[in-house]
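Notes follow once the structure below has been shown.
For clarity, every value in this text was computed on a predicted model and none was experimentally measured. Reminder, nothing fancy here: chain letters follow the sequence lines and each chain counts from 1.
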There are 2 protein chains.
Amino acid sequence: MKREEEEFSRQVTALDVAKHAGVSRSAVSRTFTPGASVSASTREKVMKAADELGYRVNQLARSLINKRSDLVGIVAANMDNPFRAQQVEHMARELVEQNFRPILLPAEGEENPSRVIGMLLEYNVSGVIVTSDTPPQSICQECVSLGVPMVLINKGEIDASVDRVLLDNETSGRIAARHLYDKGCRQLASIGSDKPSYSLSVRVKSFQAACKELGMNAPGHFSAPISDYNGGFTAAEAMLRDMPDVDGAFCITDYMALGSLDYFRLRSDRKVPDDLKVIGCDDILQASWAGYDLTTIRQDTRLLAKQVVGALTARFKNPLAPPDIRMVDVSVVERATTKTS
Amino acid sequence: MKREEEEFSRQVTALDVAKHAGVSRSAVSRTFTPGASVSASTREKVMKAADELGYRVNQLARSLINKRSDLVGIVAANMDNPFRAQQVEHMARELVEQNFRPILLPAEGEENPSRVIGMLLEYNVSGVIVTSDTPPQSICQECVSLGVPMVLINKGEIDASVDRVLLDNETSGRIAARHLYDKGCRQLASIGSDKPSYSLSVRVKSFQAACKELGMNAPGHFSAPISDYNGGFTAAEAMLRDMPDVDGAFCITDYMALGSLDYFRLRSDRKVPDDLKVIGCDDILQASWAGYDLTTIRQDTRLLAKQVVGALTARFKNPLAPPDIRMVDVSVVERATTKTS
DNA sequence: CTGTTAGCGCGTTCAT
DNA sequence: ATGAACGCGCTAACAG
């Protein structure tokens, strides 16, 4: 079935197959073009010849005509964050599933954005997905102004007419406040980042609003330069110092929550959940580890990925449609850090 | 400088630039071809016109001629493992740096390998990088038999004539044994996976050999189905049950070590490092977290990435060279889990 | 339903 | 150094 003799010869082309099958080049092309009209007999002949020769369509040549490469750029940063890594993996998986090819472009802030832009534009990517704490503005603007379909994940501050997928941050904050309240906490605080992204600041604001509605004192807010483990660690320290009577904390990401939990356990005398209850957001894998067992608000990254790719394909079909904003539902996963004694 | 009026018009081509600059199309082509001969004056004219029109070379068309797409497939699985995620990120970064485009293909075991192979071959990838606990054999074989340059990371069992980059697993195991010995441990054990990859089994074997050389009892070995957090957790349980006098453990990956540490802390009365010392391997980010503070053997993923891309480019230059095997040095990072009291 | 023809955007001869 | 012509592998529009 397979012949391996021509390792270093030129790749087999549609013409080769055509000759071998005794048909025309177009017949071959049509056989491999989804919506085409070929008789069953010729199709069979072509398939046989193609199989014997080990023929594969050259998508590069095809996309030169179709004007769509089916390449999709994933611009991602902060992949040390487990949530981000999982996001990227599921996105890539979903893209492959839908017959797109994910090309991964790591990009921290504004580090060599021109190179990334070049990769995107010179390869005629069909679309771009951006997921990053600090999305590279210049990349987004360039794509938008050139009409390259783009989907932003959990970004809201960019006012441009761009498709977005975001989890229900509004509800997340409210759920967090409500959950802590139900568990008997009355002195709440939130732990976040100095320069929060849109998503993260919405979480804090809705958390604060919900606290007010529930008739609690205005919650404290403590933040660190970066929303990672160390950030959670240091913010937790600040919290206990400046707000000693805190009895419930909402960490805007699980990644920070892990740091906070370790601070409480290792550097303070507060016992979680007895003296202090903690709730996070994202439901990263680590949250379910026995060492943390963190109550959190789940974002289903698999669903998120589906929504993102869905938004992208919708945009392909209708490039002129108004910007699409999709919301992903959230739900509480109750674990040990908010248990009542 | 930039003109954004033609969002939905066809992309600007080299011919457009040629007309605009009053030169021939070849002149434009030459201007954007690294090793070409163009006079400074025409080059300047071309550049000006290109800039005004927002021209960018169409790499897809270019690669149709060059027969090299500069696309490099990264076939990766188990990206929940932080070490793997970091590896992928650094690889992608290095590839972009070297002007390749990483296309990310998540692949667990033998799940739809034909789709992945299609993505690789139909897009004429210049090369493939494989990193996975369970590398999809069929993909590798297909690529090898078709002469697609491939680099395997930390894989050794595949005998084919393929380039490989591996960290010094041999030394890792010896260092682990020696380090535990130096810290006063005498009853050692290793924690690993039921079906270890090449790398992981070498680590265990060299660990055992080193124990013997040091005159210690033969170390125990305990394993779990998967080399992840939960695997480390359950293997630790088995270890304490079957080998109660153990005083030093070598976890073949940090990912497992985290699970083991949590088991010791939460489900046993052994104190680390007083009753039991632990050393891991990889130096993932979590190992440095205050909650774990794990002594480990570092693999520099940045360096690894450089080696991988280096091996790939070397292969491009000389397709017929004998298989290249590159070793990455390791070093101990001493933290709390092996401290002496 | 089939084969023929004409490009897609580009690099590279081959003359000048 | 420069322009004209050709071809990379493929699809689409056109005739039969």
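The side chain of B/L64 approaches C/dG9 more closely than any other nucleotide in the set D/dT2, C/dT2, C/dG9. With distances taken from any side-chain atom of B/S39 to the nucleotides D/dG3, D/dG9, D/dT2, the minimum falls on D/dT2. Across C/dC1, C/dT4, D/dG9, the shortest atom-to-atom separation from the side chain of A/S24 is found for C/dT4.
Distance CG (B/D16) to C1' (C/dC8): 13 Å, rounded to an integer number of Å. In this structure, CG of B/L121 is placed 15 Å from P of D/dG9, rounded to the nearest angstrom. Look at NZ on A/K19: it is 13 Å from P on C/dT4, rounded to the nearest Å. Rounding to whole angstrom units, CG of residue A/L53 and P of D/dG9 are separated by 14 Å. Here the C1' atom of nucleotide D/dA4 and the CG atom of B/L15 are 13 Å apart, to the nearest Å. Atoms CD (B/Q11) and C1' (C/dG9) sit 7 Å apart, rounded to a whole Å. To the nearest angstrom, C1' of D/dC10 lies 13 Å from CD of B/E122.
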Would you give a per-nucleotide map of nucleotides 11-16 of chain C, 5' to 3', where B means the base has a protein non-hydrogen atom under 4.0 Å away, S means only the sugar-phosphate does, and - means neither? BBB---
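A donor-acceptor contact closer than 3.5 angstrom is absent between the side chains of A/Q87 and A/N81. Side chains of B/T131 and B/R84: a donor on one and an acceptor on the other come within 3.5 Å.
Residues satisfying the salt bridge (charged side-chain N to carboxylate O under 4.0 Å, His left out) criterion with A/D324, sequence neighbours excluded, are A/R326. Partners of B/E122 by side chain to side chain donor-acceptor pair (under 3.5 Å), not counting sequence neighbours, listed by chain and number: A/Q59. Residues passing the side chain to side chain donor-acceptor pair (under 3.5 Å) test with A/T33, sequence neighbours excluded: none.
Residues A/E89 and A/R93 are paired through a salt bridge, judged by an N-O separation under 4.0 Å between the basic side chain and the carboxylate. At a threshold of 4.0 Å, the pair B/K48-B/E44 does not count as salt-bridged, since none of the basic side-chain nitrogens sits closer than that to a carboxylate oxygen.
Residue A/T13 has no polar side-chain atom (N or O) positioned under 4.0 Å from OP1 or OP2 of D/dG9. Between A/K67 and C/dG9, a side-chain N or O to OP1/OP2 separation shorter than 4.0 Å is present.
B/S69 approaches B/V125 most closely through the heavy-atom pair OG-CA, 3.6 Å.
At the heavy-atom level, A/T42 lies under 4.0 Å from the strands shown only through sugar-phosphate atoms.
Applying the ring pair (Phe, Tyr, Trp, His ring centres under 6.0 Å) definition to pairs two or more places apart or across chains, those involving residues 40-78 of chain B are B/F32-B/Y55.
Axis deviation across the helix from C/dC1-D/dG16 to C/dT16-D/dA1 amounts to 40°, comparing end segments of five pairs, rounded to 10 degrees.
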